[in-house]
Amino acid sequence: MTTTSPPQPGDLSLPARPGWPDATGHFGVFGGRFVPEALIAALDELTEAYEAMRVDPVFLEEFARLQRDYTGRPSPLTEVPRFAEHAGGARILLKREDLNHTGSHKINNVLGQALLTKRIGKTRVIAETGAGQHGVATATAAALMGLSCTVYMGEEDTRRQALNVARMRLLGAEVIPVTTGSRTLKDAINEAFRDWVTNVETTNYVFGTVAGPHPFPAMVRDFQRVIGDEARVQVLEREGRLPDAVLACVGGGSNAIGIFTAFIADEGVRLLGLEAGGDGVDSGRHAATITGGTPGVLHGARSFLLQDENGQTIESHSISAGLDYPGVGPEHSYLHDIGRAEYRPITDAEAMEAFALLCRTEGIIPAIESAHALAGAMKLGRELGPDALLLVNLSGRGDKDVETASAWFGLGENGAPTDEDDRAVEAGRGADPGPGMDTDQQPTEGAVSNDRVVAGQDAGETA
Amino acid sequence: MSRLAQRIAAAKAEGRAALIAYLPVGYPDVDASIAAMVAAVEAGADVIEIGVPYSDPGMDGPVIQEAVEVAVRAGVGLRDVFRAVEAVAAAGAVPVVMTYWNPIERYGVERFATDLAAAGGAGLITPDLIPDEAGAWIAAAERADLDRVFLVAPSSTDVRLRSTTAASRGFVYVASTMGVTGARASVSDAARVLVARTREARPDIALCVGLGVSNGAQAAELAAFADGVIVGSAYVRELLEGRGADGVRALTADLAAGVRRAGVPA
Ligand SMILES: Cc1ncc(COP(=O)(O)O)c(C=O)c1O
């Protein structure tokens, strides 16, 4: 196991990048640029400006200052022993991206791309968003840097993440609900590309994940790798050893690449990406792109995707808006191909069980996206046993998910939901409380109870 | 030998630009879409650009999106596209397929080239496949003697105009404006500049202008400096608004008259 000194966290100028992608953005057979010719000039401009910026000391200093003073980096590492009791006793360390300003890892990337936008002299940014976290982060950076901002969000997602829509509007961004196709993230990306090709002279596309055409997968990775660079130092300092496995949820894959990259060369460290299994991969209603998909081209790059026999994209399903995407970044397809990372599905029910457990055992409300990584840790911990040390990326906090979770668990002012409750039905269930909450919990002694709301130390366990 | 180049040259010999009509397979259904294509041929279109329905048409505006979504939901696939190719060839126009890349990758590039050639197709227009990524397709097209039509845009650098036109065969698709498909009030200024730049990059290939053309007057303007005029959304609108093959015929008559008013300096 190597303990050679890792690169300075977040220092983009150091050549510690993996040996991929190649100069034209290919990770093996994956990646590249499958876009209209009209966008090539803008992508070339971005690539050149970014390559110059990433070694420019003025940029590096400004970026480091924003990460420290604005985002609040470095984010801490938190050990979660009470949660870990449910993970076969393995030790679990959380990388706390949920504590970043705006509530997720998305801000890391956005600050970099917003600085790049100013550098190339553009005055308007556009973004796609699923859970709304990338949209909120983009709206935030735009407010900070005086850029005008338009965010495309599937209509379906504007409903299930209404809090984030309000946040974006408060921050001065225009939010455009997208009503084409499946009305989720995939269609928001299509609309953002259409906007970009029309307005490219004034507008930069701040892409939210490690997917899309070159240079986005490599550039977003560079902006997100601060997560793993920090965590590797933190784990070594604290434990004197590397973790046995690093786990992260995978939507497009940016928080996962962000924490994986520092560990790629550490061959003894397992890298595990958790995909959204929805109702189960066999049900066909899921977003587990690598587990249940095939290679193809979507949104500007070759990668795994969910598609039918005609090459049409299949609509994905997940309780988590941020993972509800039928594609995945090309570097993940490559890491899967060469066997460096593993990808496993986590169902909605498993994720919500882990969600409830972290709330109840550690006092941390995770994003439902991140709860997929937590559920993966529960499973892997049981496989590896008590000697294992697991590093989990807690990519975001769950404030935005309170309504979805309340509907799932049958909480809320009016007690248990009914089949008439839209959100309960939308969350994939009717009047039955979802797994993760005990139906027969006793109210805490002394608590004022209306006989409906349940609470307690041990909630979250299921049989 | 390029059938697209031949047909466009034949139009030129008549002192006019070629008329290229885009229609997607499967709207309102497969048979009706093929009937619309045949109607366009009968009314004077030289080339039919046969659209493959795709779930994520990133370069298309609302009109084409709406039609194509119906076809995607109905499960229309390349088997239906080959039927359309055969019908257009039988009606006497040159069929060229226009498709986003993933349906071809899914079908298999080599298999597609073989089957397209067998159906009588001239080649492929690829809006999201640039020559840089097209190695497998160019090799397959070479083997099956098919045309490959790549796009140039106002934002293309001179270097890219040279490499893209060098990789093209049949004609070059000159996307006249920055943006997605859809009718526009004015098309000619940016198009004139881009056609001139592209011609300088490669003088010996036909240049056909598309994006935004919707009527005979615009077609006449473009025909003054382009070798062909491509019309898409205006055709699809005829079908969306329920005018069917008759609407397609009337639009084609207007456009065909427009390309014959070419030579009149705009
Ligand atoms: C908290 C959180 N985690 C994860 C994701 C998924 O994105 P990615 O896979 O790019 O990290 C999102 C997306 O919205 C998110 O908000």
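Protein chains get the first letters and strands the later ones, always in sequence-line order, with residue 1 at the start of each.
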Can you name the closest pair of heavy atoms from A:Val297 and B:Tyr54 and give their distance? O-OH, 3.6 Å
Residue A:Asp282 excluded, over 12 heavy atoms near CG under 6.0 Å: no
Does any N or O in the side chain of A:Gln312 come within less than 3.5 Å of the main-chain N or O of B:Ser55, such that one atom is a donor and the other an acceptor? yes
N/O donor-acceptor pair under 3.5 Å between B:Ser155 side chain and A:Ala38 backbone: yes
Has the side chain of B:Asn102 got a donor or acceptor atom that lies under 3.5 Å from a matching backbone atom of A:Gly296? no
What part of A:Ile189 gets within 4.5 angstrom of chain B, counting heavy atoms only: side chain, backbone, both, or neither? neither
If one checks every heavy atom of A:Glu201 against chain B at 4.5 Å, the contacting part turns out to be neither
B:Thr164 portion near chain A, given a 4.5 angstrom heavy-atom threshold: side chain
Give, as side chain, backbone, both or neither, the part of B:Tyr107 having an atom under 4.5 angstrom from any heavy atom of chain A. neither
Any donor-acceptor N/O pair, B:Arg106 side chain to A:Asp308 backbone, under 3.5 Å: yes
CD (B:Glu66) with more than 12 external heavy atoms under 6.0 Å: no
Max heavy-atom pair count under 4.5 Å with chain A, selected residue of B:Arg79, B:Glu133, B:Met178, B:Met59: B:Glu133
Below 4.5 Å, heavy-atom pairs only: which of A:Arg302, A:Glu309, A:Gln307 has the largest tally toward chain B? A:Gln307
For the student: nearest non-hydrogen atoms of B:Val76 and A:Asn310, plus distance: O-ND2, 3.7 Å
What part of B:Val52 gets within 4.5 angstrom of chain A, counting heavy atoms only: side chain, backbone, both, or neither? neither
Measuring from atom NE2 of A:His299 to atom CG of B:Asp128, what distance do you get when rounded to the nearest 0.5 angstrom? 11.0 Å
Spatial distance of atom CG (A:Leu298) from atom OH (B:Tyr100) [nearest 0.5 Å]: 12.5 Å
Starting at CG of B:Asp56, measure out to CG of A:Leu305 and round the result to the nearest 0.5 Å. 9.0 Å
With rounding to the nearest 0.5 angstrom, report the CG to NE2 distance, B:Asp132 to A:His214. 11.5 Å
Which atoms of B:Asp60 come close to chain A, meaning under 4.5 Å heavy atom to heavy atom: side chain ones, backbone ones, both, or neither? backbone
Proximal component of A:Ser182, with respect to chain B [non-hydrogen, under 4.5 Å]: neither
Interchain contact, B:Pro57 with chain A, by part (heavy-atom threshold 4.5 Å): both
Using non-hydrogen atoms and a 4.5 Å limit, figure out which bit of B:Pro103 sits close to chain A: side chain, backbone, both or neither. both
Above 12 or not: heavy atoms from other molecules or residues under 6.0 Å from CD of A:Glu51? yes
Taking side chain as everything from C-beta outward and backbone as N, CA, C, O, which of these in B:Ser156 sits under 4.5 Å from a heavy atom of chain A? Side chain, backbone, both or neither. both
